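Contents: one structure, followed by commentary.
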Number of protein chains: 2
Amino acid sequence: MKQETSIKDTILKGGKLFMPSLSLDCVIFGFHENELKVLLLKMKSADAWALPGGFIYKDEHIEEAATRVLRERTGIQDIFLRQFHVFGHPKRADKKFHLNMLKKDGISVEKDNWLLQRFITVGYYALVDFAVVIPEPDHSSIACEWHDLHTIRELFMDHKAILDKALETLRLQLNHEPIGYNLLPTKFTMPEIQKLYETILDKQLDRRNFQRRILSFGFIKRLKETRKGGAHKAPYLYSFDLKKYKKALQEGLQGAW
Amino acid sequence: MKQETSIKDTILKGGKLFMPSLSLDCVIFGFHENELKVLLLKMKSADAWALPGGFIYKDEHIEEAATRVLRERTGIQDIFLRQFHVFGHPKRADKKFHLNMLKKDGISVEKDNWLLQRFITVGYYALVDFAVVIPEPDHSSIACEWHDLHTIRELFMDHKAILDKALETLRLQLNHEPIGYNLLPTKFTMPEIQKLYETILDKQLDRRNFQRRILSFGFIKRLKETRKGGAHKAPYLYSFDLKKYKKALQEGLQGAW
DNA sequence: TATTATTGTGTCATAACGACGCAATGATAT
DNA sequence: ATATCATTGCGTCGTTATGACACAATAATA
């Protein structure tokens with residue numbers, strides 16, 4: 001499905017290729033050096049960072065479009081990807097602003113160009129293995145980089161609000177679903193997965209209680225190896241029990257009622 | 001914002017009024033006689049029941065559009081309404097089927113009429129007080145009625161899948177948020193609110209444990225009256241403590257982590 | 001006035017949870 | 001080689017939440 005179109009082509013002919021007035025934006029989370037990261041694009045024509053997004057081909061399933069955008073940007077397939085909210089404020093895009101951007105690109109468009117219409121966007125979030133991602137900017141961006149979640153202040157359009165909502169959703173998901181398989185390397189230590197939870201929740205957890213709880217779910221298992229080389233006592237390595245992990249994904253974790 | 005347009009006008013001129021290719025559908029839940037009800041429309045041109053849905057005016061916030069649809073159909077304002085999923089399968093509507101429907105209506109349209117395009121729809125669910133609703137069909141439907149949730153087998157297009165997803169979402173919400181203020185009358189008994197929970201969860205709950213738990217949340221309070229007239233011991237009446245209810249709505253109920 | 005189904009209130013054992021203690025370990029410094 | 005030190009492994013303890021169940025109180029009806 002990937003189509004290498006020039007930016008000019010997209011702008012001029014996009015109206016024929018894509019669904020009108022509808023876009024999607026991806027919040028791509030990674031985990032590295034005990035920090036949650038988000039993949040952002042630096043735009044060519046605006047001095048702002050943005051979430052990687054895209055449009056939906058006229059005959060494309062919307063989930064597939066999200067998968068495609070992710071693949072184009074990270075080179076990864078088979079990714080944990082989830083739709084979480086629709087952003088439909090009528091003024092979420094600024095027409096004049098966009099016109100200006102196009103001017104900077106040296107492209108003149110008709111007043112009724114599809115890109116100048118109001119857009120409603122579907123937010124997706126993805127959890128990916130930081131180490132595997134090869135960030136790739138596209139024709140409309142000059143950079144594609146991981147940003148530290150907590151340092152992100154302002155983004156293009158309403159993308160900061162989209163990011164915030166994604167994080168909020170992720171936090172809630174933590175109670176219903178196992179998490180980490182897509183964010184951690186194959187083998188990891190207990191302190192590492194704890195840091196992941198702490199980072200998402202933005203909250204300190206007791207080391208011993210965390211271990212008891214995460215093990216009680218049953219979707220991670222201890223290996224017979226330890227991670228040597230650290231400054232202190234070598235921690236055990238763990239890995240996900242994929243069978244139980246997927247079972248837990250389907251059936252949910254607890255659910256009070 | 002309400003516009004009384006004839007069905008013909010909508011079909012012919014809708015393209016100028018509404019956002020293209022985007023619709024919304026509402027799953028309106030009510031509770032009556034210990035049963036969960038869903039408000040459905042009987043369509044004029046197709047022999048099928050459908051969820052009340054609508055389109056988004058070109059300058060209208062999508063949440064506002066959902067509110068409007070709900071108001072038009074139920075006569076209710078200030079409703080609990082929540083977006084829960086986007087349905088974006090490219091084949092979710094059948095073009096030929098739609099053409100046939102229009103034929104039945106005696107309306108001939110161009111091949112590129114906006115209604116014949118592919119539509120992506122945003123699902124909303126609403127919780128309303130059954131007793132207050134005045135179901136109103138619109139120009140494209142011949143009936144608007146409450147249906148018993150468990151008797152609904154098949155619906156128009158993919159509306160059954162939308163309904164199922166709404167119910168699944170509602171079940172999950174039960175763990176995070178107080179519920180019932182929008183579904184129950186002002187005063188209610190403990191068995192009544194328990195039935196509500198049991199109906200949503202489709203699961204029996206222990207009477208005594210339920211009471212202990214629901215009271216521990218603090219958002220309902222016991223009144224000094226009892227409901228006399230029943231065949232047996234008169235149960236106490238309860239009402240929602242709106243202040244604590246709203247606080248719980250914002251902060252969430254428990255959240256294991 | 002007795003009957004009956006339902007409601008109000010409580011108990012009990014078990015499981016889950018939060019806070020914390022202490023010994024084991026493995027690299028580093030002496 | 002040995003002591004040091006931060007970190008890890010593995011527990012305890014008291015409190016709270018949960019599931020299962022017992023029994024008395026009550027209001028309409030027979």
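Computed from a predicted model, the values in this text were never measured in an experiment. By convention in this document, chain letters (A, B, ...) are assigned in the order of the sequence lines, proteins followed by strands, and residues within each chain are numbered from 1.
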For the base of D:dA22, is there a side-chain donor-acceptor partner from B:Arg208 under 3.5 Å away?
-> yes
Nearest-Å distance for atom pair CD1/P, residues B:Ile214 and D:dG19 | 14 Å
Could you state the atom-to-atom distance from CG of A:Leu205 to C1' of C:dC20 in whole Å?
-> 16 Å
is_close_aromatic(A:Phe87, A:His85), centroid dist under 6.0 Å | yes
Is the phosphate of C:dC17, meaning OP1 or OP2, less than 4.0 Å from a side-chain N or O of A:Arg213?
-> yes
What is the ring orientation for A:Phe240 with A:Phe188, classed by angle as parallel under 30°, tilted 30 to 60°, or perpendicular over 60°?
-> tilted
Could you state the CG-C1' distance from A:Leu253 to C:dA16, rounded to the nearest angstrom?
-> 15 Å
Given atom CD of B:Glu225 and atom P of D:dT26, what is their separation to the nearest angstrom?
-> 18 Å
Touch check for B:Arg222, heavy atoms < 4.0 angstrom, all strands: base, sugar-phosphate only, or nothing?
-> sugar-phosphate
Selection from C:dG26, D:dG9, C:dG8 that lies nearest to any side-chain heavy atom of B:Gln211 | C:dG8
Going by the angle between their ring planes, with limits at 30° and 60°, are B:Tyr245 and B:Phe219 parallel, tilted or perpendicular?
-> perpendicular
With ring centroids as reference points, do B:Trp257 and A:Phe210 lie under 6.0 angstrom apart?
-> yes
Atom pair distance, as rounded to whole Å: CD in A:Gln254 and P in D:dA17 | 16 Å
Can you check the B:Ile193 CD1 to C:dG8 P distance for me, whole Å?
-> 13 Å
5' priority, DNA chain D, between A:Thr226 and A:His232 [closest heavy atom] | A:His232
Kindly point out which of D:dT12, C:dT6, C:dT7 is positioned nearest to the side chain of A:Arg212?
-> D:dT12
What nucleotide among D:dC21, C:dT25, C:dG8 has an atom nearest to a side-chain atom of B:Tyr236?
-> C:dG8
Would you kindly compare B:Pro235 and A:Ala231 by the position of their nearest DNA chain C nucleotide and give the one closer to the 5′ end?
-> B:Pro235
Could you say whether A:Asp206 or A:Ala234 is positioned toward the 5' end of DNA chain C, judged by the nucleotide with the nearest heavy atom to each?
-> A:Asp206
Please give, in whole Å, the distance from D:dG19 P to B:Arg207 CZ?
-> 16 Å
Testing A:Val128, A:Leu70, A:Thr67, A:Asn182 for side-chain contact (heavy atoms from CB on, under 4.5 Å) with A:Ile76, which one passes?
-> A:Val128
Quickly work out the B:Lys233 NZ to C:dT6 P distance and round it to whole Å.
-> 14 Å
